[in-house]
Structure formats: structure tokens, C-alpha cells
There are 2 protein chains.
Amino acid sequence: MLDTRELFEKHTLRCTRQRVELYETLAACKCHPTAEQLHRMVAERSPGTSLATVYNTLEAFTDAGLCRKINSSGGARYDADVSDHLHVVTTDGRLMDVPPEVGDEILRAIPRAALDRVQERLGIKVAHVEVLLRTS
Amino acid sequence: MLDTRELFEKHTLRCTRQRVELYETLAACKCHPTAEQLHRMVAERSPGTSLATVYNTLEAFTDAGLCRKINSSGGARYDADVSDHLHVVTTDGRLMDVPPEVGDEILRAIPRAALDRVQERLGIKVAHVEVLLRTS
DNA sequence: TTTCCTGCAAAAGCTTTGCAAGTAC
DNA sequence: GTACTTGCAAAGCTTTTGCAGGAAA
């Protein structure tokens with residue numbers, strides 16, 4: 001298990017107090033927080049961390065592949081779990097993970113051959129499949 | 001094939017010039033436009049339609065199930081095609097449909113039983129499965 | 001010592017809202 | 001006639017940016 005500093009080194013991200021705090025807060029959180037929520041959470045332990053830094057840092061993390069940005073109405077949400085997994089959005093705006101045992105079954109069912117055909121037909125390279133279940 | 005007025009009646013939406021124009025513009029468009037883009041397109045034929053009305057109307061359409069809202073960075077996009085189909089987002093921000101022949105194969109592969117298990121485990125009712133392919 | 005990061009405040013999007021006038025039913 | 005819709009402008013969000021000082025490598 002890499003510690004946070006090593007993780008940053010591996011991705012050539014400078015290791016600052018704010019980044020460590022932010023990453024560990026996000027990683028410890030199962031709730032897919034918004035930037036605003038993360039800012040509040042981090043502010044408790046690390047007063048003075050600015051919201052601009054939270055946004056900049058989350059972008060750096062996302063670009064580096066250390067977290068995932070999930071677009072949703074009312075502000076993007078972030079997830080430090082970058083493994084393939086599914087999300088559920090409820091009508092009242094909650095966002096949660098699909099339990100991995102069930103999610104994996106769905107992901108494994110997606111035929112590789114079909115994805116290959118999409119790539120060929122559209123002339124693109126599919127890097128990631130995102131699945132969102134919506135409640136009514 | 002229902003005409004636009006009948007479609008609105010079926011969904012108890014009042015039939016106004018702006019709504020008809022907007023719906024037909026969106027339906028004729030394969031490009032998943034933003035509210036801003038739709039506003040520009042509509043403004044050519046129907047000068048004076050306000051951006052606020054575009055937003056309000058798109059929300060009414062979405063609530064009624066006449067179109068779908070796709071959250072993405074840089075503003076939501078709208079799609080009058082409400083049938084089950086997949087989207088691709090490229091890194092440069094383009095959003096397009098996966099060709100239906102291939103998309104259907106992927107959707108059909110999703111095991112009903114797994115979705116049932118998600119519902120049971122999370123105590124929710126899954127109304128819609130949204131699949132987004134991302135390029136790297 | 002160089003380069004990048006941070007905080008602050010201001011600006012820049014995107015989206016919603018209040019209200020008066022207008023329109024569908 | 002009643003209830004809903006529209007346009008306008010203003011306000012409310014979320015997110016980005018410029019810049020000066022500070023910290024990492």
C-alpha cells in the first residue's frame with residue numbers, strides 16, 4: 001500500500017500539505033463529495049485552505065488519474081476510487097456506489113467485441129466505460 | 001407519428017410557439033446541443049425567444065420525458081432521442097451517439113437479474129441505465 | 001534557485017428567479 | 001377568466017483566473 005507522498009511522486013505531483021489533506025479526506029470519504037463539501041471537510045483540519053486550491057487540486061488529481069470527476073446537476077462530484085464501478089443517482093440527487101459484487105457482474109457482461117466495434121466505427125479509443133443507474 | 005402539438009397534449013404541456021420551435025429544433029439536431037446553442041439555433045427562426053425560456057422549457061421537456069438532459073463539463077446537453085442508447089464523450093468535449101446496432105448489443109448484455117439485485121440491495125427502483133464511453 | 005502551488009479576490013460561465021405583460025385553454 | 005408561459009434583468013450558483021507571496025524539489 002502506497003502512502004500519499006509516494007502516490008504523488010509516482011504521478012509527478014508536488015507534495016503539499018493541502019494536497020495530502022485533500023487526497024486523504026477524499027479517499028476516506030464514501031460519499032462522492034462536491035468541491036464545496038470537500039472544502040468544508042478539509043477546512044476543519046486544515047484551516048485556510050482556499051476553495052480555489054480545492055478546485056485546482058481536484059483537477060490535477062483527475063488529470064493524473066488519482067480521482068474521478070462525476071458530472072451531475074448541482075456541481076461535479078469526486079471519487080477517489082478509480083477502479084471500475086457503477087454509480088446510482090437518485091431523483092433527490094444522492095449519488096452512491098453500486099455494490100461491487102453486483103457492479104462487476106454488469107461490467108463483465110459488456111462484450112469486448114462490441115466495444116471494439118464502437119472504436120472502429122467511430123474512429124476513437126474507448127478508455128473507460130461509465131455506467132449510471134437512475135431512479136425514477 | 002405524432003405531430004408536436006399532439007405530443008405536447010399527451011404530456012399536458014401547453015403548446016406555445018417557442019416550445020414547438022424549440023422541440024422541433026432539438027429533435028432535428030443530432031448534435032446534443034447545450035441550452036446556449038439551442039438558443040442560438042432557435043433565435044434564427046424565432047427572434048426574441050429568451051434564454052430563460054429555453055432553460056425553463058428544456059426543464060419542462062425533461063420532466064415530461066420528452067428529452068434527456070446529459071450532464072457534462074461545460075454545461076448540460078440535451079437530446080430529444082429518449083430511447084435507450086449509449087453516448088461517447090471525447091477528451092476534447094464532443095458528445096456523440098454510439099451507433100444503435102452496437103449500442104443495443106451492449107444494453108442487451110446487461111443482465112436483468114443483476115439490476116434486480118441492485119434494486120433489492122439498495123432499496124431503490126432503477127428506471128434507466130445510462131452508459132457513457134470515454135476516450136482517453 | 002527555479003518552478004510550481006497557494007490564497008485572495010475578482011471575473012467568468014451556467015442556470016434560476018421575480019415580476020409584469022401576454023397567451024393557451 | 002384563470003392559470004400558465006414569456007421576456008427581461010437581476011441574482012445565484014459553480015468554476016476559473018490573475019497575481020503576489022510562499023513552498024517544494
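Lettering follows sequence order; numbering is per chain, from 1. The analysis underlying the following values was restricted to heavy atoms, covering all of them including side chains, and did not include hydrogens, waters or symmetry mates. Bear in mind the structure is a predicted one, so any value in this text is a computation, not a measurement.
- Residue Gln18(B) places none of its side-chain N or O atoms closer than 4.0 Å to OP1 or OP2 of dT23(C).
- Note on Thr53(B): a side-chain N or O is less than 4.0 Å away from OP1 or OP2 of dG7(D).
- Rounded to whole Å, atom P of dT23(C) lies 18 Å from atom CZ of Phe8(B).
- Between Asp3(B) and Arg5(B) no salt bridge is recorded (no basic side-chain N to carboxylate O distance below 4.0 Å).
- Shown here are the salt bridge (Lys or Arg N to Asp or Glu O under 4.0 Å) partners of Arg121(B), two or more places apart in sequence or in another chain: Glu101(A).
- In this entry the distance linking CD of Gln37(B) with P of dG13(C) reads 15 Å, nearest Å.
- Residues Thr4(B) and Cys15(B) are not in side-chain contact: their nearest non-hydrogen atoms beyond the backbone lie 4.5 Å or more apart.
- As rounded to whole Å, 14 Å separates atom C1' of dT16(C) from atom CG of Asp63(B).
- Within the structure, side-chain hydrogen bond (donor to acceptor under 3.5 Å, both in side chains) contacts touching residues 51-68 of chain A (residues at least two apart or in different chains) are Ser50(A)-Thr53(A), Arg68(A)-His128(A).
- Straight-line distance from the CG atom of Leu22(A) to the C1' atom of dC5(C): 13 Å, rounded to whole Å.
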Do nucleotides 14-25 of chain D as a string where each nucleotide becomes B, S or -: B if the base has a protein heavy atom under 4.0 Å, S if just the sugar-phosphate does, - if no protein is that close. SBBB-----BBS
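- Here His39(A) pairs with nothing under the ring-ring contact (aromatic ring centres under 6.0 Å, His included) rule; sequence neighbours left out.
- Residue pairs meeting the ring pair (Phe, Tyr, Trp, His ring centres under 6.0 Å) criterion with at least one member in residues 73-105 of chain B, sequence neighbours excluded, are His32(B)-His87(B), His85(B)-His87(B).
- Under 4.0 angstrom from either OP1 or OP2 of dT6(C) there lies at least one side-chain N or O belonging to Thr57(A).
- Residues Val89(B) and Arg134(B) have side chains in contact (heavy-atom distance under 4.5 Å, counting atoms from C-beta outward).
- Ring geometry, Phe61(A) versus Phe8(A): the interplanar angle falls from 30° to 60°, so the pair is classed tilted.
- Between its two ends, the helix from dT1(C)-dA25(D) to dC25(C)-dG1(D) turns its axis by 50°, counting five pairs per end and rounding to 10 degrees.
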